[in-house]
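Below: the structure, in structure tokens.
Please read all numbers here as calculations on a predicted model, not as lab measurements. Basis for what follows: all heavy atoms, side chains included, without hydrogens, waters or symmetry-related copies. Convention: sequence-line order gives letters A, B, ...; per-chain numbering from 1.
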Amino acid sequence: MTSRRIRIDVPALTRVEGEGSLRLEVRQDQLIELGLSIFEPPRYFEKFLEGREAEEVVDIVARICGICPVAYQISALNALESMSRQMASPWVRSMRRAFYCGEWLQSHALHIHLLALPDFLGFENAIAMAERHPNMVKRGLKLQGLGNALVRLFGGRSVHPVGARLGGFHHAPAPDEVTALADRLKAAQQDAGDLTRFCASLPLPDDPQTFICVALHHPDRYAIESGEIRTSTGLNLSANQFEQHFHETHKPDSTALWSDLDGQPYLTGPLARLNINHPQLPDFLLTRLGEIGLELPSCNMFHSLIARALEIELVLHEAIQLLNDYTYPKSPYTALPLEPGIGYGMSEAPRGLLWHRYELDEKGLIRAARIVPPTSQNQARIEADLHHSLTTMGLDNGEDVLKLRAEQVIRNYDPCISCSTHFLTLKKVET
Amino acid sequence: MTAPVRYPQPSLTCNPALPTEALILDRVQETEDIFTLQLRLTDPHQEWRLGIQPGQFNMLYRFGVGEIPISFKAIGKDKHGQPVLEHAIRRVGRISGALAALKPGDRIGLRGPFGTGWPLQKAKGQDLCVVTGGLGCAPAVSIIEHAFANRSHYGHIHIIQGVKHSADLLWRNRYEFWAQQPDTTVLMAADVAAPGWPWYSGRVTELIKLLPLQPGQTLVCCCGPEPMMQASAEQLILRQVPAEAIWLSMERNMQCASGHCGHCQFGADFICRDGPVMPYPRLRDRLGLEGV
Amino acid sequence: MTRPRVAVHKFSSCDGCQLAFLNLGETLLQLNEQVDILHFLEAGMNDASADVDIAFVEGSLSTPDELTRIRQVRANSRYLVSIGACATSGGLQALRNLDGNHDEWRDAIYARPEFIRTLKEVRPIAAEVRVDLELWGCPVSSTQILAAIRALLFGVAPVDDRDRVCLECKRQQAVCVMVTQGIPCMGPVTRTGCGALCPRFGRDCYGCYSPSETAQTATLARRFSGLGLLPDAIARRFWLINSQAPPFLQTGRVFHRSAASDPDD
Amino acid sequence: MPAADFLPRSRLPDLLAVLKAQGYDVIAPQVIEGALLYRPLQHCRQLPTGIRQQQQPGRYRLIATDSPRQFSWANGPQALKPLTFAPRETLWRSHENDDGTLSFEEVPVSPPALAILGVRGCDLAALALQDQHFRDDPYYQPRRQSLLLIAVDCSHPAETCFCASTGDGPKATIGYELALTELDDGFLVRAQGARGQAILKALPLDITAPAQRRQARHQHRAACRQLRRLPSFEPAQLIQQGRHPAWDEVADACLGCGNCTSVCPSCFCFSTSEAPDLNGQTSSHQRQWDSCFSEGHSYIHGRHIRPDIRTRYRQWLTHKFGSWVEQYGRSGCTGCGRCISWCPVGIDPLQVLSRLSDADPDEP
Ligand SMILES: Cc1cc2nc3c(=O)[nH]c(=O)nc-3n(C[C@H](O)[C@H](O)[C@H](O)COP(=O)(O)OP(=O)(O)OC[C@H]3O[C@@H](n4cnc5c(N)ncnc54)[C@H](O)[C@@H]3O)c2cc1C
Ligand code: SF4
Ligand code: SF4
Ligand code: SF4
């Protein structure tokens with residue numbers, strides 16, 4: 001066998017949110033180097049939260065990520081409101097779930113259509129794909145648009161919405177707006193079903209792996225805006241126990257902060273959620289699982305795509321229920337006095353577990369903050385997956401094939417790199 | 001029972017806010033940033049708009065960009081001898097810049113005519129004195145062209161023009177031509193004159209001192225920057241010209257040109273409707289007030 | 001007719017302003033008929049060094065690499081538009097400029113700070129290269145982006161509306177939150193563009209569209225004080241998303257100092 | 001026998017029914033977001049029953065009481081202006097056709113017939129001013145003509161009101177079809193013009209008792225005693241007082257936000273803008289409320305005639321109280337007090353006017 005040396009350098013990954021690069025080197029069919037790096041510069045959010053008022057936090061943390069601002073807002077509110085003796089009203093809790101459904105809907109639709117599908121259908125990007133598959137792309141844009149509309153209903157705009165506040169919302173939407181949107185959501189359910197079937201019909205690579213799943217679980221419903229951590233290793237943890245099991249470390253040759261669960265890489269995000277919470281899916285989705293022949297839990301990472309499609313159906317269904325029951329409240333929020341101390345909170349961002357911790361002083365100002373976003377949690381898993389997938393596929397494959405597979409693998413996690421609140425990976429400093 | 005009153009819908013042709021299409025027949029680059037458009041209105045029903053008088057203006061509209069007020073310069077003739085509307089425009093900003101990019105054959109929108117013109121009736125039988133300052137003042141050119149086209153209506157014609165720099169003088173050959181005409185005085189001054197400038201250097205007000213005026217029977221048409229118009233008017237009054245015989249052309253921001261948008265207010269006057277041409281006594285105590 | 005070539009570049013940011021494109025829905029496909037998008041990583045177009053007619057730049061400059069990259073973008077682009085608060089004023093992350101303690105923060109967070117190559121201060125795009133148009137807002141809206149593109153397609157500069165949020169607030173028939181609830185609203189010194197979103201949602205504007213023209217920040221700060229805000233709370237109002245925009249920076253500084261020198265606080 | 005002109009409160013729904021039967025949509029002030037805003041009225045329960053107001057410079061609060069009265073407050077943030085002079089509207093659309101020709105398309109206004117319940121005298125006076133200003137405006141007029149105005153005499157002027165001194169209130173005197181005087185148990189009703197009379201005739205009215213009439217007179221006298229009044233000044237002189245130190249003082253206090261002009265029922269300034277479609281084939285020519293406090297208001301190429309707050313405030317005050325007299329035969333102010341309440345920093349133009357009559361050290 002002749003010796004072969006391939007060096008793949010993707011200096012700027014496309015169709016991911018934020019900026020990152022991939023570098024791998026194969027020598028004699030051995031993977032000798034593999035690095036996913038994120039060169040998103042640090043933005044020090046945790047630091048400048050210090051000294052701000054609790055009320056300001058929602059407007060600040062939204063700006064950590066333009067794609068999932070609602071997730072940041074709700075995790076922060078969960079953490080802060082845990083420092084109050086009172087709870088937000090039932091109205092507020094349901095409407096937060098509806099608000100959050102909007103974000104899942106827009107984020108998943110955006111990911112599937114604009115970021116992931118071009119890989120599977122062989123296009124450079126969604127716009128090129130639209131020339132051949134206009135209706136499919138339009139369907140995706142429509143679902144994404146509906147998600148945005150749902151976020152706007154409660155937040156005024158879909159990026160950095162302005163509606164959320166401590167104790168609830170600043171504003172309650174008018175009942176006729178709610179009904180009008182609910183009708184549009186209903187009309188899209190058919191499309192969403194078609195989307196799931198379509199995703200399930202794609203020739204996704206079949207590449208079973210073993211990995212640990214971590215997701216929030218709620219006793220009464222598919223966890224989105226609240227729940228406790230459950231892992232496929234059998235742990236059940238509340239938010240304040242997170243730090244006892246999840247650690248951030250440095251790999252020696254990198255500057256990134258990597259999370260591990262008791263020393264192991266783990267998966268968070270749609271597939272992890274579905275693997276853990278699928279028994280709670282509404283009946284029509286359980287039927288859908290049978291229809292498309294998806295067995296859960298699944299250990300094929302590429303089923304993440306189908307998981308997103310199923311979650312689109314789920315949140316459409318959830319949002320419709322919640323909006324159908326809408327009543328115009330007397331007040332869209334309750335003033336919740338916060339007590340000094342430490343508050344922990346989390347929620348399921350579209351990409352996975354998002355954990356926050358705040359320490360509040362006597363004046364009601366933030367003394368310290370810590371935020372662990374999903375992408376940093378998945379980082380170790382992504383590299384493990386890359387290693388596994390490429391080796392299994394065969395490192396003797398051509399460079400383009402390897403590169404495409406590598407990018408597919410990365411995109412499959414929908415890494416949202418811009419949320420680099422406090423972590424950073426630079427390209428390996430070349431000597 | 002009386003039913004609620006329904007207001008009749010305005011009809012397309014009488015809506016003063018609605019533009020009509022004008023075809024650019026020709027475009028002449030006068031200086032680096034001034035150009036003249038020759039326009040023909042494409043809708044024959046709109047020809048009444050050609051009744052525009054010197055001193056009045058139109059709102060010219062560039063598709064998708066917006067409208068600006070532009071004074072009437074002249075009614076010229078196209079190559080078939082048909083009357084065409086001429087507007088001289090200085091490219092200074094967004095919309096004038098967009099108009100500058102147009103070529104013959106392109107279309108624009110036009111609303112008008114708006115505003116008061118020069119008091120042609122009052123001027124009949126009198127000497128005419130046109131005082132301008134600054135660059136290519138279309139309202140002045142329009143009255144001069146009109147006066148020469150109706151030469152018998154007027155006595156002596158005085159034309160005084162001041163520019164900052166001699167190189168700024170626009171339509172120089174027109175001025176030279178007018179200077180040749182009988183019963184006509186043309187005086188020009190540049191604050192800064194290049195060598196070979198045949199006229200004066202200095203300010204317009206200095207020229208006024210030199211004019212052979214017949215104060216009681218002269219009507220003055222003045223346009224240019226406000227301080228210059230004010231100084232000229234005061235100088236003319238010193239020369240015994242009655243204030244009522246001095247007319248100024250004013251300029252303010254205009255959004256609607258129909259006296260509604262409020263932008264062009266100058267004290268109690270709406271410049272688009274009560275002006276732009278107004279008698280000096282009306283303006284005297286407000287000219288020069290800061291912020292008015 | 002050749003379509004104008006467009007690029008979308010990202011610097012330090014949350015990606016939210018790029019979404020003004022990705023959230024266009026079917027209009028995104030229409031836009032693609034009007035312009036040729038050559039570089040836009042998130043959307044899958046990758047040609048960072050292409051010569052383009054219009055470059056949209058999101059994000060602020062916070063690493064030495066970014067300085068090099070923005071110069072390259074400038075050199076390749078005929079018309080450069082910076083979009084969003086990060087690009088126009090440094091954005092929220094420019095809060096780190098205020099304390100001048102960037103190194104301390106970095107060292108507190110990273111075990112190997114020597115690997116972190118960042119600038120001591122976050123800079124807006126215009127601090128480094130010539131910018132032809134700035135679209136303010138955190139985030140910019142799709143409407144702003146489309147209006148700018150359309151104007152450029154017509155060959156004219158886009159309209160730069162620097163009016164205050166209050167004007168739009170009243171056009172939208174929102175009820176003033178400052179007058180009815182005594183909430184400290186930044187609307188009177190903030191530029192429109194958002195459609196007075198916050199007051200329409202019954203809350204205070206927090207200044208995400210940057211200072212308006214003739215922003216009377218000192219007058220407003222006095223009013224905030226009349227509403228019961230302490231000096232450091234006033235400083236925080238001005239030092240949020242556009243802390244580096246001069247009128248906000250200045251007024252924030254005045255009250256930050258007076259808070260520091262106030263022993264009762 | 002005296003004519004029946006008393007509508008017991010319990011029969012107010014009959015008024016609504018009559019209006020609906022005659023084809024009107026009814027709107028009336030309702031409590032929304034802590035203020036009184038005009039909204040469609042389906043039933044009388046939506047009226048602000050028992051609501052009182054506190055209005056002070058820069059401050060507006062509603063207070064609930066158990067009074068049965070539905071109109072015992074002064075006014076909301078907007079008068080009738082948004083109903084006739086839309087805050088933003090498309091005037092016309094243009095199309096660039098494939099052959100390069102342009103066509104223009106009118107965007108006509110076709111408003112529904114609207115009956116407005118609860119209009120104040122000051123606002124009717126302001127409407128009359130706008131009627132003059134927009135008399136030939138093809139967008140204002142259709143909306144204006146489709147209004148039916150039902151006034152309610154003001155019985156609870158706010159601290160910021162001074163309509164008694166401008167002569168525009170508290171009683172409605174001009175421009176209404178129907179006017180009501182609210183008492184605890186009902187309304188005295190009067191009508192103007194044929195449309196008003198027709199409605200009056202259709203109402204189930206009682207005879208007003210002498211005591212009720214006395215109460216109405218007493219209430220009117222009380223409402224005329226207002227805390228504020230228009231100071232005396234010489235309108236034509238205002239514009240000449242450019243160097244008075246009052247302008248610098250007010251410029252220091254003013255945000256330049258333009259709220260006073262936006263809430264003023266007589267202010268009429270607008271700007272226009274162009275909104276082309278992305279494909280560049282159609283464009284809408286729009287207008288929107290503008291203010292003499294905006295930078296675009298006085299801009300002409302190369303200079304801002306009013307670059308600062310001082311000159312902008314001066315324009316607002318000298319126009320409203322001065323030039324207006326020359327333009328429309330009276331001052332532009334009808335004493336509603338909105339510009340005082342809704343100014344976020346509580347500037348009171350009446351104080352500025354008084355200050356201007358102080359001898360100015362600089363002026364000869
Ligand atoms: C009655 C009248 C007659 C005029 N006649 C002529 C003429 O014959 N030739 C000529 O070249 N110019 C004339 N002008 C000036 C011309 O209207 C301005 O140069 C033009 O409006 C500038 O527009 P812009 O968009 O290119 O400039 P920008 O500087 O981009 O201005 C932005 C906007 O401000 C407003 N604006 C700016 N300057 C003026 C101004 N001077 N007057 C009114 N509105 C303004 C317009 O709405 C304009 O679109 C006249 C102005 C008036 C009021
Ligand atoms: S709510 Fe804010 S933006 Fe609106 S008018 Fe009041 S101060 Fe201005
Ligand atoms: S109101 Fe202010 S904070 Fe809210 S979106 Fe607009 S500019 Fe931003
Ligand atoms: S000036 Fe003030 S008090 Fe007078 S009508 Fe206008 S808003 Fe009302």
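D:A35 and C:V175 make their closest contact through CB-CG1, 3.8 Å (heavy atoms, listed as atom of the first residue, atom of the second, distance).
Among residues 302-310 of chain D, the residues having any heavy atom closer than 4.5 Å to a heavy atom of chain C are, in sequence order, D:P307, D:I309.
With hydrogens and angles ignored, the 3.5 Å screen pairs a side-chain donor or acceptor of C:R223 with a backbone N or O of D:P344. With hydrogens and angles ignored, the 3.5 Å screen pairs no side-chain donor or acceptor of C:R171 with any backbone N or O of D:R88. A donor-acceptor pair is defined here as one N or O able to donate and one able to accept, closer than 3.5 Å; no such pair exists between the side chain of C:R164 and the backbone of D:G258. The backbone N or O of D:L278 lies less than 3.5 Å from a partner atom in the side chain of C:R150, making a donor-acceptor pair.
Here the straight-line distance linking atom CZ of D:R312 with atom OG1 of C:T214 works out to 4.0 Å at 0.5 Å rounding. The NE2 atom of D:H297 sits 11.0 Å away from atom CG of C:D163, with the distance rounded to the nearest 0.5 Å. Atom CG of D:N259 and atom NZ of C:K170 lie 4.5 Å apart (nearest 0.5 Å). To the nearest 0.5 Å, atoms OG1 (C:T217) and CG (D:L255) are separated by 10.0 Å. For the atom pair CD (D:E33) and OG1 (C:T180), the distance works out to 8.0 Å, reported to the nearest 0.5 Å. To the nearest 0.5 angstrom, D:Y38 atom OH is 12.0 Å from C:Q173 atom CD.
Both the backbone and the side chain of C:T27 have a heavy atom closer than 4.5 Å to some heavy atom of chain D. In this structure, the portion of D:I32 lying under 4.5 Å from any heavy atom of chain C is its backbone and not its side chain. With a threshold of 4.5 angstrom between heavy atoms, D:D252 approaches chain C through its backbone and through its side chain. In this structure, chain D has heavy atoms under 4.5 Å from both the backbone and the side chain of C:Q30. Contacts of C:L227 with chain D are absent, with no heavy-atom separation under 4.5 Å from either backbone or side chain. Neither the backbone nor the side chain of D:S273 comes within less than 4.5 Å of any heavy atom of chain C. Both the backbone and the side chain of D:Q288 come within contact range of chain C, judged by heavy atoms closer than 4.5 Å. In this structure, chain D has a heavy atom under 4.5 Å from the side chain of C:R222, while its backbone stays farther away. Contacts of C:Q172 with chain D are made by side-chain atoms alone, with heavy-atom separations under 4.5 Å and no backbone atom involved. Interface remark: D:P276 contributes backbone and side-chain atoms alike to the contact with chain C (heavy atom separation under 4.5 Å).
Using a 4.5 Å heavy-atom cutoff, the side chains of C:L167 and D:S291 are in contact.
Taking the side chain to side chain donor-acceptor pair (under 3.5 Å) definition, one finds that D:D99 meets it with D:T101, sequence neighbours left out.
Heavy-atom pairs under 4.5 Å with chain C were tallied for D:P77, D:G34, D:G256; the largest tally goes to D:G256. Among the candidates D:G296, D:C254, D:S341, the residue making the largest number of heavy-atom pairs closer than 4.5 Å to chain C is D:C254. Considering only heavy-atom pairs separated by less than 4.5 Å from chain C, the leading option among D:Q54, D:Q78, D:Q56, D:E274 is D:Q78.
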